[in-house]
Protein chains: 2
Amino acid sequence: MSLRHALLGLLANRSASGYDLLKSFETSLANAWPATQSQVYGELGKLSAEGLLDVTAEGPRGRKEYSITESGRAELRHWLVEVEPERVRRSSMLLRVFFLDTLAPEEARTYLTAQAEVAAERNAGLRALEANVPWDGSPLSVYGRVALEYGLRLSQMQRDWAEWAAEQVTPPTT
Amino acid sequence: MSLRHALLGLLANRSASGYDLLKSFETSLANAWPATQSQVYGELGKLSAEGLLDVTAEGPRGRKEYSITESGRAELRHWLVEVEPERVRRSSMLLRVFFLDTLAPEEARTYLTAQAEVAAERNAGLRALEANVPWDGSPLSVYGRVALEYGLRLSQMQRDWAEWAAEQVTPPTT
DNA sequence: CAACTCATGTAACCAGTTACATGATTCA
DNA sequence: TGAATCATGTAACTGGTTACATGAGTTG
């Protein structure tokens with residue numbers, strides 16, 4: 001049930017169309033909660049049917065502008081302060097680790113160093129993003145920075161772990 | 001498509017029944033790829049229909065013992081060495097961060113310190129697990145340790161990040 | 001013999017992905 | 001006027017969760 005709260009959260013800042021929201025999912029939210037077009041339009045319909053959103057304007061090309069209602073704000077707040085976030089549980093990258101014993105040690109090591117490389121690239125990508133965003137002191141920018149920092153620390157940790165793990169597999173011949 | 005590979009991976013080490021496999025998903029794989037009973041039985045049926053598994057014994061209470069076939073091993077290997085792991089993308093914990101600006105700073109800080117606490121508890125839980133497992137040098141134990149280390153580093157990083165983030169929100173009055 | 005564990009299976013539902021389908025407006 | 005962008009919607013499918021249903025064998 002997080003998609004609806006993502007929509008409510010975006011619309012809490014400013015009213016927008018499905019098309020506008022979609023772009024937020026492809027950019028800022030891409031690393032926290034991506035969503036597809038069909039999902040967004042479908043959920044907007046349900047949210048307005050339930051009175052959490054209103055259509056407050058209609059523009060060219062059938063554009064509908066959605067605005068959050070009071071009960072929408074209440075639902076968002078409830079989700080933020082009362083509902084415990086579910087932990088992320090699934091990682092096919094980590095699942096593979098359990099089965100590396102079915103490969104030759106050299107192959108297992110190749111897998112782990114490749115993962116280190118993926119994490120390093122992701123870290124570099126986020127650093128580039130960090131450099132391109134204007135970090136004024138606005139509230140949105142503060143929390144955006146906090147979220148980005150999570151990605152930076154995560155990718156760094158993954159890189160360090162994968163390099164360490166690769167060493168565990170074929171220890172340097174002593 | 002990772003569930004089937006998790007099953008193949010478990011059966012690559014030893015033949016087992018659906019019931020046996022289910023227990024692996026509740027214990028060792030719980031933190032990498034959990035699965036439910038209905039999912040496991042369903043997938044075992046599909047895998048044997050496709051010839052990746054065979055039923056090699058039947059026991060009391062309708063127990064069926066599944067064994068991996070050669071094409072099952074080939075598929076597992078393919079998945080391990082050729083298929084790029086998909087990155088984990090969804091975190092409702094992180095999604096909430098984007099919308100903390102709709103709360104009072106004090107409430108946002110409460111959220112972040114609570115997340116630090118959750119991560120600390122999880123780290124402690126994994127440490128306890130680490131102490132209770134016999135870490136002989138067996139291949140399974142080596143890779144199990146590597147996976148556990150991932151959890152330890154992740155929870156530590158999450159704790160550090162959440163504490164740092166909480167400080168960003170209401171900086172100590174200077 | 002009662003309670004517990006072992007053991008499998010199915011049905012309904014929910015969230016998310018991919019693909020199909022359509023058309024208006026803007027801009028070079 | 002042709003291409004790009006804006007804009008919405010639906011259908012089919014996949015993976016995962018919850019709940020229902022049944023029954024055999026084991027242990028105290």
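Each chain gets a letter, A, B and so on, in the order the sequences are listed, and its residues count up from 1. These values consider heavy atoms only, across backbone and side chains, with no hydrogens, waters or symmetry-generated copies.
Geometrically, B:Arg153 engages A:Trp164 in a cation-pi contact, judged by NZ or CZ lying under 6.0 Å from the ring centre and within 45° of the ring axis.
Note on ring orientation: taking the six-membered ring where Trp is involved, the planes of A:Tyr150 and B:Trp161 are perpendicular (angle over 60°, cut-offs 30° and 60°).
We find the CG-CZ distance between B:Leu29 and A:Arg90 to be 11.0 Å, quoted to the nearest 0.5 Å.
Residues B:Leu3 and B:Val88 do not share a hydrophobic cluster, clusters being chains of Ile/Leu/Val/Met/Phe/Trp/Tyr side chains in contact below 4.5 Å.
Residues B:Arg145 and B:Glu130 are paired through a salt bridge, judged by an N-O separation under 4.0 Å between the basic side chain and the carboxylate.
One can place NZ of B:Lys64 at 11 Å from C1' of C:dA7, the figure rounded to the nearest angstrom. In this structure, A:Lys46 places its NZ atom 17 Å from P of D:dT8, rounding to the nearest Å. Rounding to whole angstrom units, CZ of residue B:Phe25 and P of C:dT8 are separated by 14 Å. Rounded to whole Å, atom P of D:dG25 lies 13 Å from atom CD of B:Glu58. Rounded to whole angstrom, the span from the CD atom of B:Gln37 across to the C1' atom of C:dT5 amounts to 14 Å. If you measure from atom CD of A:Glu65 to atom P of D:dC6, you get 15 Å, rounded to the nearest angstrom. Between A:Glu86 atom CD and D:dT17 atom P the separation is 10 Å, expressed in whole Å. A straight line from OH of A:Tyr19 to P of D:dC6 spans 4 Å, rounded to a whole angstrom.
Close to C:dA7, at under 4.0 Å from its OP1 or OP2, lies a side-chain N or O of B:Arg63. Remark: A:Tyr41 is in phosphate contact with D:dT8, judged by side-chain N or O atoms under 4.0 Å from OP1 or OP2.
In the set D:dT18, C:dT8, C:dT25, the nucleotide with an atom closest to the side chain of A:Arg61 is C:dT25. Here the side chain of A:Thr36 is nearest to one of C:dT18, D:dC6, D:dG16, namely C:dT18. In the set C:dA19, C:dT8, C:dG23, the nucleotide with an atom closest to the side chain of B:Ser17 is C:dT8.
Closest-nucleotide positions on DNA chain D for B:Met1 and A:Gly62 were compared, and the one nearer the 5' end corresponds to A:Gly62. Looking at which nucleotide of DNA chain C each of A:Pro60 and B:Gly42 is closest to, the 5′-most match is held by B:Gly42.
In this structure, A:Arg90 reaches the sugar-phosphate backbone alone: every heavy-atom distance under 4.0 Å involves primed, P, OP1 or OP2 atoms, never a base.
Between the side chain of B:Ser38 and the base of D:dT18 there is at least one donor-acceptor pair of N/O atoms closer than 3.5 Å. Interface remark: the B:Gln39 side chain does not form any donor-acceptor pair with the D:dT17 base, using a distance-only criterion of under 3.5 Å.
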